[in-house]
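Bear in mind the structure is a predicted one, so any value in this text is a computation, not a measurement. Counting starts at 1 for both ligands and their atoms, following the listed order.
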Amino acid sequence: MTQIIDGKAIAAQIKEELKEKVARLKEQGTEVTLAVIQVGADPASSVYVRNKKNACAYIGIRSLAYELPEETTEEELLALIRELNGREDVNGILVQLPLPGQICEERVLDAICPGKDVDGFHPQNVGALCIGRPGFVSCTPAGVIQLLKRSGVEIAGKECVVVGRSNIVGKPMALLLLRENGTVTVTHSRTRDLKEVTARADILVAALGKPRFITADYVKDGAVVIDVGIHRNEDGKLCGDVDYESVAPKCSAITPVPGGVGPMTVAMLMYNCVESAALQQNGKVS
Ligand code: GUN
């Protein structure tokens, strides 16, 4: 029987744990606060931002919403980030991506104080992950690790294959699996004979961004398959990077889309915010 990894339930469990921590911090005089910045009104971004604000409200995190017009200049955005960096009552700063063309994403992400970079996108946090130092980890791959651990999937010693090498998912995913002592291979669009590589995986993470690309012939019998993709197919239904119908019967465990990795991203963002507040309260970061 294939285990369906219930991301919604695991995310809910994490949020309950965080609710208690937030209440405890409040008793000690710290109100966990996340600043969420959106530039323009991209409809997908608006949905993500709303989900993040709702999760904050549920857990008891104060969210400060900055909805800036599409024509905001880079300098204006950088000025806001500098102001938020300097505010003691702000624990986390999140700039929703993508940004309009006139703003350089790299300069904006670099401007966020690493101790408040709850998205884990700042080069200092990426570097810390790479060399095993403490720091914020990108939320989606951190969520995948939680899904595996909380579903009883052992990572140490396993053949882990990550399909996709983006800065937000593929690369940090590979580093996290390595940190858990997996044997890790990263594949990408130039990989020769992809099927031969993915068919070796005990744990296969699909993060390539192509709807239902990973079919049964890419997957070993009994593998654990994690689907990071999310797409809308021709008839408006959500699907992932994995062809769920053909792959699920072959796996020992699989994440569905929706209800797999998706809910974990927001849960881990909340986790990072709480962690940030706790560290700032203890004076470990400024
Ligand atoms: N846009 C798409 N995914 C993300 C994310 O995880 N964080 C931010 N800030 N923007 C995004």
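Side-chain atoms of Ser252 and Gln3 include no donor-acceptor pair closer than 3.5 Å. Using modelled atom types and a 3.5 Å distance limit, the side chains of Gln102 and Glu74 yield no donor-acceptor pair. Inspection of the Asn233 and Lys237 side chains reveals no N or O donor paired with an N or O acceptor under 3.5 Å. No side-chain donor from either of Ser45 and Gln38 sits under 3.5 Å from a side-chain acceptor of the other.
Take Phe213 and apply the ring-ring contact (aromatic ring centres under 6.0 Å, His included) test, not counting sequence neighbours, and it matches Tyr218.
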Can you produce the list of protein nitrogen or oxygen atoms under 3.5 Å from a nitrogen or oxygen of ligand 1, alongside each distance?
{"from": "ligand 1", "atom 1": "1 (N)", "to": "Gln96", "atom 2": "NE2", "distance (Å)": "3.2"}
{"from": "ligand 1", "atom 1": "1 (N)", "to": "Leu97", "atom 2": "O", "distance (Å)": "2.9"}
{"from": "ligand 1", "atom 1": "7 (N)", "to": "Asp119", "atom 2": "OD1", "distance (Å)": "3.2"}
{"from": "ligand 1", "atom 1": "7 (N)", "to": "Asp119", "atom 2": "OD2", "distance (Å)": "3.2"}
{"from": "ligand 1", "atom 1": "9 (N)", "to": "Val95", "atom 2": "O", "distance (Å)": "2.8"}
{"from": "ligand 1", "atom 1": "9 (N)", "to": "Asp119", "atom 2": "OD2", "distance (Å)": "2.6"}
{"from": "ligand 1", "atom 1": "10 (N)", "to": "Gln96", "atom 2": "NE2", "distance (Å)": "3.3"}
{"from": "ligand 1", "atom 1": "10 (N)", "to": "Leu97", "atom 2": "N", "distance (Å)": "3.0"}

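Under the 4.5 Å side-chain criterion, counting only non-hydrogen atoms from C-beta, Ile155 is in contact with Cys160.
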